[in-house]
Amino acid sequence: MRSVSIFGATGSIGESAFDLLMQSGGAESWQVRALTGGRNIARLAEMALALRAEIAVTAFPELERDLREALAGSGIECTAGPDAIVAAADRDADWTLSGIVGAAGLPPGLRVLERGGTLALANKETLVAAGRLVMGTAARTGARILPVDSEHSAIFQCLNGENIENVEAITITASGGAFRDWPLERLETATVEQASTHPNWAMGQRITIDSASMFNKSLEIIETKEFFGINPDRIKVLIHPESIIHAMVTHRDGGSIAHLGAPDMRHAIGYALHWPERAELPVPKLDLAAMGQLSFRAPDETRWPALRLAREVMAAGGAAGAVLNGAKEQALDDFLAGRIRFTDMARAVESALDDLTGQPGFATSPTDLATVLDWDQSARQAAAGWAARHGGR
Ligand code: NDP
Ligand code: MG
């Protein structure tokens, strides 16, 4: 029986993974080692019982008692806190899904790689903040990373067996998010509620807002560079409102291979779960004749400064990815709390990058976790400083 762990089990990615495990035999077919969550204790306990997990972990120590009560008598171990999450990543699972949101996903994901495990990576922040450390660790220990972000799973499937040296371009698509068709001037007034609806995908609130601001695509461009090791000039973004083509690889001979599928994360998660086999998955099959047509347009960087910032971060290298990610997470917190406007998020991130570029060590890619987390903290402080100076307008 294969053993699996799910980090961020109670989130959108985690729920999709849970559904796949339950639909393919549940506890009878999978040995579930660790399930981790955050504040949703009731759901974490329910999942742990359904899958007969060895251990359930909440990220928040103050919720440990609730978790213990919910699992009393079940024989399932309970722990809490960020260190307990990392310790759970040390448990020997054949396959571990990283579905935590934000930089909190980095330490446990890295631990899986340090022990040479297989990491199915939805948490793109891991590669954006610490690409060199993460890829270097996997190379050193022989760990395997399987991309779960839909575009990167698509690229991985398009590239299957092809030599990256022959790749002319990788194109990742973007739906354009909630504000694709809004006039530019209206973006200043966008509310949290408006930014929290996605035209095609049902996802967690943070990535949904990142899709509206295009910071999600910004992170994904960097993720593409870090994971596939391709020159940034060869990474293209294409607005594709229907979200049916997820990515396309163009070879130097002019042939392009695209990956198509319904916008349902269970495909990418299930692909990684069964890789290198292909399994029957409970996802809608495409009916292109019924759809009639697919549409495309070029992205406008005036509307989405996040795309320009991704290019600048890739050119800068060093700690720029960790700074972009940390500043973006802080700016998103500030937008959610009503301290800054929607369009201020890019301003705060750009300001944090400006503040920290040129600081000692910035030009060097961090090669240990502590240094990545230091840059993450400095970036959050710089972005929060911008919000304190300019917020409340
Ligand atoms: P959600 O917000 O839906 O879920 C996040 C998960 O992380 C929950 O289990 C949450 O627990 C847990 N969590 C929250 N804070 C912490 C913390 N500080 N430490 C540990 N765990 C924590 O996010 P998504 O599922 O949407 O996204 C997860 C990751 O996958 C992100 O990196 C996202 O960018 C990426 N991704 C998501 C896609 C999607 O379709 N949703 C598509 C592609 C990539 P709780 O809810 O119990 O508080
Ligand atoms: Mg994606």
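This structure is a prediction, so every number in the text was calculated from the model and none was measured. When a ligand or atom number is given, it counts from 1 through the structure's own listing order.
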Practice prompt. May I ask you to establish whether Arg39 and Phe60 are in a cation-pi arrangement, using a distance under 6.0 Å from NZ or CZ to the six-membered ring centre and at most 45° from the ring axis?
Written response: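 Satisfied, under 6.0 Å and within 45°.
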
Fill in: Test: Arg266 cationic atom under 6.0 Å from Tyr271 six-membered ring centre, within 45° of axis
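No; the conditions do not both hold, so Arg266 does not lie above the ring face of Tyr271.
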
Practice prompt. If the plane angle is over 60° it's perpendicular, under 30° parallel, otherwise tilted; pick one for Phe335 and Phe342.
Written response: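 Correct class here is perpendicular.
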
Worksheet item: Can you tell me the N, O or S atom of Glu151 that's nearest the Mg ion (ligand 2)?
Response: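 Checking each N, O and S atom of Glu151, the shortest distance to the Mg ion (ligand 2) belongs to OE1.
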
Worksheet item: Please state the angle at the Mg ion (ligand 2) spanned by OE2 of Glu220 and OD1 of Asp149: what is it, rounded to 10 degrees?
Response: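 Taking the Mg ion (ligand 2) as the apex, the two atoms subtend 100°.
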
Practice prompt. Given side-chain contact (heavy atoms from CB on, under 4.5 Å), test His259 with Ile245 step by step and report yes or no.
Written response: CA-CA 6 Å; His259 179 273; Ile245 296 181; over 6 Å; no

Worksheet item: With a 3.5 Å cut-off and no angle check, do the side chains of Glu329 and Asn325 form a donor-acceptor pair?
Response: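 Glu329 vs Asn325: donor-acceptor pair found between side chains.
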
Fill in: Atom-level proximity to ligand 1, residues with heavy atom under 4.0 Å
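Within 4.0 Å of ligand 1, the protein residues are Gly8, Ala9, Thr10, Gly11, Ser12, Ile13, Gly37, Gly38, Arg39, Asn40, Ala59, Ile85, Gly99, Ile100, Val101, Ala104, Ala122, Asn123, Lys124, Glu125, Asp149, Met203, Gly204, Ile207, Met265.
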
Worksheet entry | Where at least one partner belongs to residues 126-149, residue pairs that pass salt bridge (Lys or Arg N to Asp or Glu O under 4.0 Å), sequence neighbours excluded |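 Every pair satisfying salt bridge (Lys or Arg N to Asp or Glu O under 4.0 Å) with a residue in residues 126-149: Lys124-Asp149.
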
Discussion item. Checking side chain to side chain contact (heavy atoms under 4.5 Å, CB included) between Glu223 and each of Thr126, Leu127, Ile235, which is the one that passes?
Written reply: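 So, applying the side chain to side chain contact (heavy atoms under 4.5 Å, CB included) to Glu223 and each of Thr126, Leu127, Ile235, only Leu127 qualifies.
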
